[in-house]
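Written below as structure tokens is the structure these notes are about.
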There are 2 protein chains.
Amino acid sequence: MVAMRGPSTSYELKRAVGHSVGYFWPFPHAQLYSEPKRLVELGLLDVIAEEHGRRKQTYTITEEGLSELRLWLGEPTTEQLQVRDVAELKLFFGELADAKDMLELAREQVRQHQQRIAVYEQMQLRFAGVPGVATRMVPLRLGLQLERAALQFWVEFEAENTG
Amino acid sequence: MVAMRGPSTSYELKRAVGHSVGYFWPFPHAQLYSEPKRLVELGLLDVIAEEHGRRKQTYTITEEGLSELRLWLGEPTTEQLQVRDVAELKLFFGELADAKDMLELAREQVRQHQQRIAVYEQMQLRFAGVPGVATRMVPLRLGLQLERAALQFWVEFEAENTG
DNA sequence: AATGGATCGTCTGTTTCAGACTATTGAGGA
DNA sequence: TCCTCAATAGTCTGAAACAGACGATCCATT
């Protein structure tokens with residue numbers, strides 16, 4: 001996260017993460033403050049303490065940090081994709097639920113996924129022309145694909161279960 | 001989870017969960033032992049202590065538990081779908097990585113998603129004819145759709161970044 | 001009798017997480 | 001000028017989630 005935009009403060013990271021990774025993999029901002037500290041101790045980040053009488057720490061990645069990062073990028077990825085979706089969880093109990101409830105669930109999911117897709121498409125548009133950002137948009141495309149797949153599923157489900 | 005199959009032990013749940021929800025939303029089995037206890041205290045489950053000299057607790061859902069469950073199923077679902085995928089995370093740093101590494105990442109992802117899809121399709125086939133299980137297969141379909149979307153993405157990505 | 005696999009369950013320590021809480025800064029209006 | 005409010009910057013706490021080692025037991029084979 002750090003390296004991509006040059007030196008950053010935790011707050012800046014928080015914002016950057018907020019509308020990128022954070023969209024599909026949210027995590028509490030407090031970690032954006034505690035993690036850098038850990039990484040500094042490991043020698044992977046440096047602090048460029050500045051202005052404002054000690055508040056506002058700016059971090060840069062060190063050479064070592066960068067090579068660690070690249071190492072990680074080159075490692076095989078064994079973890080499976082995880083999907084956490086309480087809607088899907090509810091689906092597991094479909095038999096027990098009111099048909100009405102499941103239908104409402106589907107409708108709501110359709111709404112939410114449509115909305116999310118709209119947001120993603122907005123982002124794509126906004127950054128479409130900007131040079132250099134192109135590669136950063138790649139993960140967004142995956143997110144979009146997944147959202148669309150989910151949307152399609154719920155639309156079908158709704159159709160099947162409608163009167 | 002409990003209600004769908006009638007009274008169960010934690011171990012049975014562990015297995016059942018293992019090849020259903022657990023596929024896309026894994027969690028440690030220890031919770032399958034601690035949670036029921038909590039739910040018993042809340043009056044949502046009953047213990048049918050049996051045989052084996054006190055080991056092996058069998059749980060049933062109570063009337064109250066069932067109505068709580070139904071209540072939950074009827075509640076609006078506000079949580080967004082979460083996707084945790086370290087491959088996608090790595091993609092965010094694509095600029096910094098070796099092109100080679102990203103290509104290998106893509107290839108590996110293609111492999112993994114194909115394999116996962118195969119497993120899901122197997123499951124679908126196996127339970128295709130079995131009566132009563134039909135509705136239980138619904139969430140699987142969503143999982144399958146998502147996997148296919150991911151696969152498609154990585155295939156495209158690989159194509160774009162090859163030679 | 002010994003092995004080993006499936007069953008059954010506990011325990012420990014670490015991470016993650018949600019979200020409340022505190023401060024500071026800077027811009028704009030009364 | 002002073003006030004207020006939003007944005008910025010960061011800490012803290014307690015609760016859940018998590019990984020994974022560990023301890024038992026049962027049962028079928030060798």
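Protein chains get the first letters and strands the later ones, always in sequence-line order, with residue 1 at the start of each.
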Taking atom [atom2] of [N] as reference, at what distance in whole Å does atom [atom1] of [X] sit?
X	N	atom1	atom2	value
A/E12	D/dA9	CD	P	6 Å
B/Y33	D/dC22	OH	C1'	13 Å
A/K56	C/dA23	NZ	C1'	15 Å
A/E35	C/dC17	CD	C1'	13 Å
B/W25	D/dA17	CH2	P	10 Å
A/Q82	D/dA17	CD	C1'	12 Å
B/L32	D/dA19	CG	P	13 Å
B/L39	D/dA16	CG	P	13 Å

Both A/R38 and B/K14 contact DNA chain C. Taking the nearest nucleotide for each, which residue is further toward the 5' end?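 Nearer the 5' end of the strand: B/K14.
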For A/R84 and B/R15, find the nucleotide of DNA chain C closest to each by heavy atoms; which residue's nucleotide sits nearer the 5' end?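 Closest to the 5' end, via its nearest nucleotide, is B/R15.
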Picking from [options], which would you name as closest to the side chain of [X]?
X	options	answer
A/H29	C/dC8, D/dT11, D/dG20	D/dT11
B/A30	D/dA17, D/dT11, C/dT10	C/dT10
A/T9	D/dG10, C/dG19, D/dG20	D/dG10

Are there over 12 heavy-atom neighbours, none belonging to A/E63, within less than 6.0 Å of that residue's CD?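 For A/E63, atom CD is not crowded (no more than 12 foreign heavy atoms under 6.0 Å).
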Is it the case that over 12 heavy atoms from other parts of the model lie below 6.0 angstrom from the CD atom of A/E156?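 It does: A/E156 CD has more than 12 such atoms within range.
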Between A/Y120 and A/Y23, ring centroids under 6.0 Å: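 Yes; A/Y23 has its ring centre under 6.0 Å from that of A/Y120.
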Do A/Q109 and A/R111 have side-chain atoms, one donor and one acceptor, less than 3.5 Å apart?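 There is no such pair (donor and acceptor under 3.5 Å, judged by atom type) between the side chains of A/Q109 and A/R111.
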Among B/E104, B/E108, B/K90, find the residue that satisfies the side chain to side chain donor-acceptor pair (under 3.5 Å) test when tested with A/T77.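 Exactly one candidate clears the test, B/K90.
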By nearest nucleotide on DNA chain D, pick out whichever of A/S34 and B/P28 is the more 5' one.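 Here A/S34 is the residue nearer the 5' end.
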Is any side-chain N or O of A/Y11 closer than 4.0 Å to OP1 or OP2 of D/dT8?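 A/Y11 to D/dT8 OP1/OP2: side-chain N or O found under 4.0 Å.
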